Asker: 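A single structure is presented below for examination.
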Amino acid sequence: MRRVVVHMQSTLNGCIANAQGTFWQPFPWGDPEQARINEVFRAADTIVLSRVMYEAIVPWWEIVAAGQVPDDVPEVSATFQEFAGILSGLRKVVISRTWPATDERPVINGDVVAELQHLKAQEGEADILLAAAPETLGPVISTPGLVDEYVLPVHPAVLASGPQLFGQLTTDLALALVDATSFDGGVVVLRYQVVAP
């Protein structure tokens, strides 16, 4: 059985974005932090993203994977180029009720829990990464046995408002810390395995 791994950036109080839907400041993220996430992504062959996450993440990294520098940064380091290559090689599945599916980009437009269970039951040992807004994550992370691990880069920031990672959770979770890596900028990357009830 494959593993489903939730990967989301978070503030100390669990926000995944500010009230405007963008990242907070400061956002201390450099090569050491990215190298740690590269390891997580290397263990996967599929990433499932909500449409908003896909549009915010994938096109930017496709520019980097093509060997170009996006307009909003002066340069792209080798560590970030490596991540772009890893992400480019993953199968990308989008959660959307409006997007049409393509051969290169399958779409989940119905029962997200059932579709993730189907993906998880497929042959192989590579992880399935999941990144989505709390409204989409809620039913998934509330389904016993579906999510196996959380990889949470926690930033040194607290937001007065914004969507909460576990804001739509409907059941209690027991987690076991398997790794905590801290960085000079203040980020701590936490890895938690879900403890079966």
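What you see is a predicted model, and the numbers here were worked out from it, not measured in a lab.
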Asker: Could you check whether any side-chain heavy atom of Leu49 comes within less than 4.5 Å of a side-chain heavy atom of Val58, counting everything from C-beta outward?
Answerer: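 Yes, at least one pair of side-chain atoms sits under 4.5 Å.
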Asker: What heavy-atom pair brings Val194 and Glu149 nearest, and what distance separates the two atoms?
Answerer: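 Result for this residue pair: CG2-N, 4.3 Å.
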Asker: For residues 163-192, pull every pair meeting ring-ring contact (aromatic ring centres under 6.0 Å, His included), keeping only residues two or more places apart or in separate chains.
Answerer: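 Those involving residues 163-192 are Tyr150-Phe166.
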Asker: Taking all heavy atoms of Pro134 and all of Ile16, pick out the closest pair and write down the distance.
Answerer: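 Reported closest heavy-atom pair: CD-CD1, 3.5 Å.
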Asker: Looking at residues at least two apart in the chain, or sitting in another chain, which of them share a salt bridge (Lys or Arg N to Asp or Glu O under 4.0 Å) with Glu82?
Answerer: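 For Glu82, the residues satisfying salt bridge (Lys or Arg N to Asp or Glu O under 4.0 Å) (neighbours in sequence not counted) are Arg42.
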Asker: Hey, does the side chain of Ser88 reach the backbone of Ala84 with a donor-acceptor pair shorter than 3.5 angstrom?
Answerer: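 No, Ser88 side chain to Ala84 backbone: no donor-acceptor pair under 3.5 Å.
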Asker: Over all heavy atoms of both residues, which pair between Leu87 and Phe41 is shortest? Give the atoms and the distance, please.
Answerer: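 Minimum heavy-atom separation between Leu87 and Phe41: CD1-CE2, 4.2 Å.
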Asker: Between Ile128 and Val5, does the side-chain contact (heavy atoms from CB on, under 4.5 Å) criterion hold? Intermediate values first, please.
Answerer: CA-CA 6 Å; Ile128 300 163; Val5 178; over 6 Å; no
Asker: Apply the test side-chain contact (heavy atoms from CB on, under 4.5 Å) to residues Leu175 and Val195: give CA-CA distance (whole Å), side-chain angles for both, the deciding distance (0.1 Å), then the verdict.
Answerer: CA-CA 5 Å; Leu175 304 173; Val195 177; 5.6 Å; no
Asker: Write out all pairs satisfying side chain to side chain donor-acceptor pair (under 3.5 Å) with one or both partners inside residues 58-71, taking only residues at least two apart or from two chains.
Answerer: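 Qualifying pairs: Trp60-Asp72.
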Asker: Taking side chain to side chain contact (heavy atoms under 4.5 Å, CB included) as the definition, give me every residue that meets it alongside Val93, ordered by chain and number, with sequence neighbours left out.
Answerer: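 Partners of Val93 under the side chain to side chain contact (heavy atoms under 4.5 Å, CB included) test: Thr46, Val48, Arg91, Pro106, Ile108.
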Asker: Which is it for Val112 and Ile95 under the side-chain contact (heavy atoms from CB on, under 4.5 Å) test, yes or no, and what are the steps along the way?
Answerer: CA-CA 7 Å; Val112 177; Ile95 302 167; 3.7 Å; yes
Asker: So, the side chain of Glu33 versus the backbone of Gly30: is there a donor-acceptor pair under 3.5 Å, distance only?
Answerer: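 Confirmed, Glu33 side chain pairs with Gly30 backbone.
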Asker: State the CG-CG distance between Asp111 and Leu116, to the nearest 0.5 angstrom.
Answerer: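 That separation rounds to 9.0 Å.
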Asker: Going only through I, L, V, M, F, W and Y residues with side-chain contacts under 4.5 Å, is there a path from Val40 to Val178?
Answerer: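 Each belongs to a different hydrophobic cluster.
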Asker: Any donor and acceptor pair, going by atom type alone, linking the side chain of Lys120 with main-chain N or O of Leu146 inside 3.5 Å?
Answerer: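 Yes: the side chain of Lys120 pairs with the backbone of Leu146.
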Asker: Supply the atom-to-atom distance Leu152 CG to Leu165 CG, rounded to the nearest 0.5 angstrom.
Answerer: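 Leu152 atom CG to Leu165 atom CG measures 6.0 Å (nearest 0.5 Å).
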Asker: Hey, does Val188 have a side-chain heavy atom less than 4.5 Å from the side chain of Leu190?
Answerer: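 Yes - at least one pair of side-chain heavy atoms lies under 4.5 Å apart.
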Asker: Can Ile63 be reached from Val69 by stepping across I, L, V, M, F, W or Y side chains whose heavy atoms are under 4.5 Å apart?
Answerer: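 Per the 4.5 Å side-chain linkage, Val69 and Ile63 are not co-clustered.
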Asker: What residues, two or more places apart in sequence or in another chain, satisfy side chain to side chain contact (heavy atoms under 4.5 Å, CB included) together with Pro26?
Answerer: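 Pro26 satisfies side chain to side chain contact (heavy atoms under 4.5 Å, CB included) with Pro28 only.
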Asker: Does Ser96 use its side chain to pair, donor to acceptor, with the backbone of Trp99 at less than 3.5 Å?
Answerer: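 Checking the backbone N and O of Trp99 against the side chain of Ser96, a donor-acceptor pair under 3.5 Å is found.
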Asker: Using the side chain to side chain contact (heavy atoms under 4.5 Å, CB included) criterion, which residues pair with Thr11? Sequence neighbours excluded.
Answerer: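 Thr11: side chain to side chain contact (heavy atoms under 4.5 Å, CB included) contacts with Asn13, Cys15, Trp24, Ala157, Leu159.
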Asker: How would you list, by chain and number, every residue that makes a salt bridge (Lys or Arg N to Asp or Glu O under 4.0 Å) with Lys92, sequence neighbours excluded?
Answerer: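 Here no residue qualifies.
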Asker: Test of understanding: with salt bridge (Lys or Arg N to Asp or Glu O under 4.0 Å), list the residues that count as partners of Arg2, not counting sequence neighbours.
Answerer: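 Scan of Arg2 (salt bridge (Lys or Arg N to Asp or Glu O under 4.0 Å), adjacent residues dropped) gives Asp45.
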Asker: Holding to side-chain hydrogen bond (donor to acceptor under 3.5 Å, both in side chains), I want the full list of residues that pass it with Ser142, two or more places apart in sequence or in another chain.
Answerer: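 Applying side-chain hydrogen bond (donor to acceptor under 3.5 Å, both in side chains) to Ser142 gives Thr170.
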Asker: Identify whether the distance between the nearest side-chain nitrogen and carboxylate oxygen of Arg36 and Asp31 falls below 4.0 Å.
Answerer: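 No salt bridge links Arg36 with Asp31.
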Asker: Side chains of Thr181 and Arg191: donor-acceptor distance under 3.5 Å anywhere?
Answerer: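 No.
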Asker: Over all heavy atoms of both residues, which pair between Leu137 and Val6 is shortest? Give the atoms and the distance, please.
Answerer: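 So the minimum-distance heavy-atom pair works out to CD2-CG2, 4.3 Å.
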Asker: List for me each residue that meets side-chain hydrogen bond (donor to acceptor under 3.5 Å, both in side chains) alongside Gln34, sequence neighbours excluded, and say none if there are none.
Answerer: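 Gln34 satisfies side-chain hydrogen bond (donor to acceptor under 3.5 Å, both in side chains) with Trp29, Asn38 only.
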Asker: Do Pro70 and Val76 make a side-chain contact, defined as non-hydrogen atoms from C-beta onward lying under 4.5 Å apart?
Answerer: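 Pro70 vs Val76: side chains touch.
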Asker: Considering non-hydrogen atoms only, spot the tightest contact between Ser50 and Ala133 and give its length.
Answerer: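 Looking at all heavy atoms of both residues, the closest pair is OG-N, 4.0 Å.
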Asker: Where is the tightest heavy-atom contact between Pro153 and Ile37, given as atom of each residue plus distance?
Answerer: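 Looking at all heavy atoms of both residues, the shortest contact is CG-CD1, 4.0 Å.
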Asker: Quick one: side-chain hydrogen bond (donor to acceptor under 3.5 Å, both in side chains) partners of Ser10, sequence neighbours excluded?
Answerer: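 Ser10: no side-chain hydrogen bond (donor to acceptor under 3.5 Å, both in side chains) contacts found.
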Asker: Determine, step by step, whether Leu90 and Leu129 satisfy the side-chain contact (heavy atoms from CB on, under 4.5 Å) criterion, reporting the C-alpha distance in whole Å, the side-chain angles of both residues, the deciding distance to 0.1 Å, and the verdict.
Answerer: CA-CA 10 Å; Leu90 297 181; Leu129 299 170; 4.3 Å; yes
Asker: Quick one: are Arg51 and Val107 in side-chain contact, heavy atoms under 4.5 Å?
Answerer: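 SC-SC contact between Arg51 and Val107 ruled out.
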Asker: Please identify each residue that fulfils side-chain hydrogen bond (donor to acceptor under 3.5 Å, both in side chains) with Gln193, with sequence neighbours left out.
Answerer: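 Counting only residues at least two positions away or on another chain, Gln193 forms no side-chain hydrogen bond (donor to acceptor under 3.5 Å, both in side chains).
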